[in-house]
Amino acid sequence: MDTEQALTKGLHWLNNLPREKALAEFLKCCGSKNWARKLEENRPFKSLEGLYSIADTTWWALNSADWLEAFSAHPKIGERKANSQVSATSQAWSGQEQAGINDAAQATLQELATLNSQYEAKFGFIFIVCATGKSSEEMLAMLINRLENQLSTELPIAAAEQAKITRLRLAKLLAQ
C-alpha cells in the first residue's frame, strides 16, 4: 500500500471513531482542546486536503489562549517533557521531531536551555518551532533571531510553526 492509500485508509478510520476517541486523537496532533473539538465536529472529512484545510482554517480562527494551550503541549527544544500532560504518542512524536538535537554539542544544548528560558520569560510561552529536519544549530539560530521580536510579531510566528507541526502530526496520525 502506498502512502496516499494509507492516508486515505487512515482518514476513513478517523471519520468513524467515536467522538471521545476522535477528540483524543486530534489532541495528539494539537494541544488546543477547542481546535480538537472543532475538528471532531467537522467530521466526516471527504478528503485529506479537506482535513488539512479545515485544520488550518480552524487553527487560525482560534484566539491566543487556544494557541498558548497548544504550545504548552510541547516540550522545550532539547527537553523531553511538556508543561502540560500529553499522550505517549505526542511525546514520542516530539522526540522524533527534535531528532536534530540528539547529536548536539553540549555547548549548543546549554545555549538552547539558556535562551529557551530567556524566550519564555520574554514572551510567556515556550519557543515553538517545527523542528522536523532541522539541526540543533538551525534551531538555535532561529531561537536567537526570534528573541529579537516583539510579542505582537512573535505570537503569529509561533502559531505558524504550530500549524506546520499539526499538519505533520495529522499525517502521522493517519499513517499509523
Side-chain angles (χ1 to χ4, degrees), residues 1-101 116 119-120 123-134 151 154-176:
M1 183 177 342
D2 70 11
T3 303
E4 190 71 22
Q5 288 173 320
L7 293 176
T8 300
K9 183 179 177 186
L11 184 64
H12 178 75
W13 164 80
L14 184 62
N15 281 335
N16 289 292
L17 287 175
R19 181 181 183 280
E20 290 303 316
K21 179 72 174 153
L23 284 170
E25 295 297 328
F26 286 128
L27 282 170
K28 292 176 184 178
C29 300
C30 176
S32 165
K33 291 181 182 93
N34 282 332
W35 179 87
R37 182 180 48 76
K38 289 177 184 193
L39 263 281
E40 189 283 322
E41 290 169 356
N42 275 285
R43 291 183 313 149
F45 302 103
K46 293 182 172 100
S47 68
L48 295 170
E49 282 311 311
L51 167 62
Y52 296 146
S53 177
I54 290 169
D56 286 342
T57 301
T58 300
W59 175 250
W60 291 109
L62 295 175
N63 63 39
S64 60
D66 295 313
W67 291 353
L68 295 175
E69 181 182 33
F71 299 168
S72 73
H74 293 278
K76 293 176 185 173
I77 295 295
E79 295 185 5
R80 297 284 182 223
K81 188 151 174 38
N83 288 339
S84 64
Q85 189 171 4
V86 297
S87 72
T89 301
S90 291
Q91 196 167 11
W93 286 344
S94 289
Q96 293 166 1
E97 292 157 1
Q98 291 191 35
I101 210 85
N116 270 327
Y119 181 100
E120 191 169 11
F123 297 116
F125 54 89
I126 68 164
F127 172 65
I128 297 291
V129 62
C130 184
T132 300
K134 291 181 180 62
L151 179 60
E154 185 56 23
L155 185 58
I157 291 170
E161 292 295 311
Q162 173 66 54
K164 291 177 201 173
I165 295 165
T166 300
R167 187 177 184 117
L168 290 172
R169 287 185 175 193
L170 283 168
K172 289 177 187 179
L173 178 69
L174 296 177
Q176 298 186 95

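Predicted model, so just to flag it, every value in this text is computed and none were measured.
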**Prompt:** Which residues pass the side chain to side chain contact (heavy atoms under 4.5 Å, CB included) test with Asn15, sequence neighbours left out?
**Reply:**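 So Asn15 forms a side chain to side chain contact (heavy atoms under 4.5 Å, CB included) with Leu11, Arg43, Pro44, Phe45.
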**Prompt:** Sequence neighbours excluded, which residues qualify as side chain to side chain contact (heavy atoms under 4.5 Å, CB included) partners of Arg19?
**Reply:**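 Per chain and number, Arg19 pairs via side chain to side chain contact (heavy atoms under 4.5 Å, CB included) with Leu23, Arg37, Glu40.
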Locate the shortest heavy-atom distance separating [X] from [Y]; write the atom from each residue and the value.
| X | Y | result |
| --- | --- | --- |
| Asp66 | Asn34 | OD1-ND2, 2.7 Å |
| Ala159 | Phe71 | N-CZ, 3.7 Å |
| Cys30 | Thr166 | CB-OG1, 3.6 Å |
| Ile126 | Pro75 | CD1-O, 3.7 Å |
| Leu7 | Ala175 | CD2-N, 3.9 Å |

**All pairs passing salt bridge (charged side-chain N to carboxylate O under 4.0 Å, His left out) where residues 155-164 contributes a residue, at least two apart** = Glu161-Lys164
**Complete:** ring-ring contact (aromatic ring centres under 6.0 Å, His included) filter on Trp67, not counting sequence neighbours, yields Trp59, Trp60
**Request:** Identify, with sequence neighbours excluded, every residue that meets ring-ring contact (aromatic ring centres under 6.0 Å, His included) alongside Phe127.
**Result:** Tyr119
**Item:** Charged N-O contact under 4.0 Å between Glu49 and Arg167
**Value:** yes
**Request:** May I ask you to decide whether Glu41 forms a salt bridge with Lys38, counting only side-chain N to carboxylate O separations under 4.0 Å?
**Result:**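 Looking at Glu41 and Lys38, the cut-off is not met.
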**Message:** Working to the nearest 0.5 angstrom, can you tell me the gap between Lys172 NZ and Thr132 OG1?
**Reply:** 5.0 Å
**Message:** Between His74 and Phe125, does the side-chain contact (heavy atoms from CB on, under 4.5 Å) criterion hold? Intermediate values first, please.
**Reply:** CA-CA 10 Å; His74 293 278; Phe125 54 89; over 6 Å; no
**Message:** Which residues pass the side-chain hydrogen bond (donor to acceptor under 3.5 Å, both in side chains) test with Asn16, not counting sequence neighbours?
**Reply:** His12
**Message:** For a side-chain contact (heavy atoms from CB on, under 4.5 Å) check, start with the C-alpha distance between Lys21 and Glu25, then their side-chain angles and the critical distance, and finish with the verdict.
**Reply:** CA-CA 6 Å; Lys21 179 72 174 153; Glu25 295 297 328; 2.8 Å; yes
**Asked** Going through the distances and angles, do Asn42 and Leu39 end up as a side-chain contact (heavy atoms from CB on, under 4.5 Å)?
**Response** CA-CA 5 Å; Asn42 275 285; Leu39 263 281; 5.8 Å; no
**Any donor-acceptor pair under 3.5 Å from Trp35 side chain to Ala55 backbone** = yes
